[in-house]
Amino acid sequence: MIRLGVNVDHVATVRQARRAREPDPVWAAMEAQLGGADGITVHLREDRRHIQERDVRLLRELVSVRLNLEMSLAEDIVKFACEVRPDEATIVPERRQELTTEGGLDVVRHEDRVQEVVERLRQRGILVSLFIEPDVRQIECARLVGAQAVEFHTGRYAHATNPDEHQQELEALIQAARYAHEAGLHVHMGHGLNYANVCAIAAISQVEELNIGHSIVARAIFVGMRQAVREMKEIICRARRPGA
Ligand code: PXP
């Protein structure tokens with residue numbers, strides 16, 4: 001079983017471009033659910049460039065699948081997450097100037113703060129995942145600080161420019177998935193995945209959840225959110241049942 005978490009941040013990006021009321025990421029989430037999404041993912045960034053607190057609160061009320069909040073370690077964001085209580089929180093690094101999350105969280109470097117935040121979120125009944133690079137030291141540290149899941153950053157795989165590099169990055173993800181699974185962690189993956197490159201990732205048997213945003217929202221512009229999600233869901237489910 002593999003879940004598809006649909007990230008609707010970029011629907012909010014379009015809305016914020018005009019500081020308007022539409023398109024509404026909450027509506028997009030409802031459409032994604034109807035298309036077969038197993039989860040809705042949003043990133044409440046410190047600069048509030050796309051998703052707003054209002055969106056997360058409404059999603060908490062309306063979403064009937066899993067709600068996954070991507071969040072930094074900033075104190076006001078942690079307090080907000082503890083109050084709203086998403087089903088899942090994915091801790092990500094955040095830099096103000098970046099276009100999107102550019103690398104994994106350095107859990108080793110921020111061990112004390114990550115541990116404190118993981119404990120607080122878990123006390124509120126939230127499943128905690130750490131967005132990390134496929135690196136053994138980071139996986140070990142994720143386990144030590146009490147995270148229940150890790151999400152491996154698939155950006156290097158997605159952006160590989162030649163077949164050798166592509167294969168090498170895929171191998172790293174396969175090894176990391178095995179290692180994390182054996183360490184008792186749930187394995188998620190995401191970033192830069194699209195309708196063409198998702199197959200090999202969805203085929204990794206330890207992967208339980210994929211979080212995909214940009215490619216689905218981009219396709220939704222032309223075919224609608226329901227259809228865009230349906231197509232992605234079909235690809236990832238087929239990758240799990242080769243020959244089906
Ligand atoms: N997972 C995490 C932790 C992310 O930060 C992002 C980007 O917001 C995604 C998945 C989705 O990446 P993309 O938009 O490239 O599909």
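We count ligands from 1, going down the list as the structure has it; atoms in each ligand are counted the same way.
Remark: the Glu231 side chain and the Gln227 side chain contain an N/O donor-acceptor pair separated by less than 3.5 Å. For the residue pair Gln148 and Ser129, no side-chain donor N or O sits within less than 3.5 Å of a side-chain acceptor on the partner.
Side chains of Leu170 and Gln167 form a contact here, defined as non-hydrogen atoms less than 4.5 Å apart.
Heavy atoms of His153 found under 4.0 angstrom from ligand 1: none, in either backbone or side chain.
The distance criterion of under 3.5 Å between nitrogen or oxygen atoms is met by Glu70 with respect to ligand 1. Of the polar atoms of Glu151, at least one N or O is found under 3.5 Å from an N or O of ligand 1, judged by distance alone. Note: an N/O pair closer than 3.5 Å links Gly213 and ligand 1 by distance alone. Note: an N/O pair closer than 3.5 Å links His214 and ligand 1 by distance alone.
A salt bridge links Arg238 with Glu234; the closest basic N to acidic carboxylate O contact falls under 4.0 Å. Salt bridge status for Arg137 with Asp106: absent, with no side-chain N to carboxylate O gap under 4.0 Å. A salt bridge does not link Arg143 with Glu182: every distance from a Lys NZ or Arg NE/NH1/NH2 to an Asp or Glu carboxylate oxygen is 4.0 Å or more. Between Glu53 and Arg48 there is a salt bridge, since at least one side-chain N of the basic residue sits less than 4.0 Å from a carboxylate O of the acidic one.
A heavy-atom separation below 4.0 Å is not found between His43 and ligand 1. For Gly192, the closest heavy-atom approach to ligand 1 falls below 4.0 Å.
Aromatic ring pairs are classed by plane angle as parallel below 30°, tilted from 30° to 60° and perpendicular above 60°; the pair His153 and Phe131 is parallel.
Atoms of ligand 1 lying under 4.0 Å from at least one heavy atom of His191, given by number and element, are 6 (C), 7 (C), 10 (C), 12 (O), 15 (O). Listed by number with element, the atoms of ligand 1 under 4.0 angstrom from any heavy atom of Ile212 are 16 (O). Residue contact check: Asn7 has heavy atoms under 4.0 Å from atoms 8 (O) of ligand 1. Near Asn211, meaning under 4.0 Å from one of its heavy atoms, ligand 1 places the atoms 10 (C), 11 (C). Heavy-atom contacts of Val92 reach the following atoms of ligand 1: 3 (C) (cutoff under 4.0 Å).
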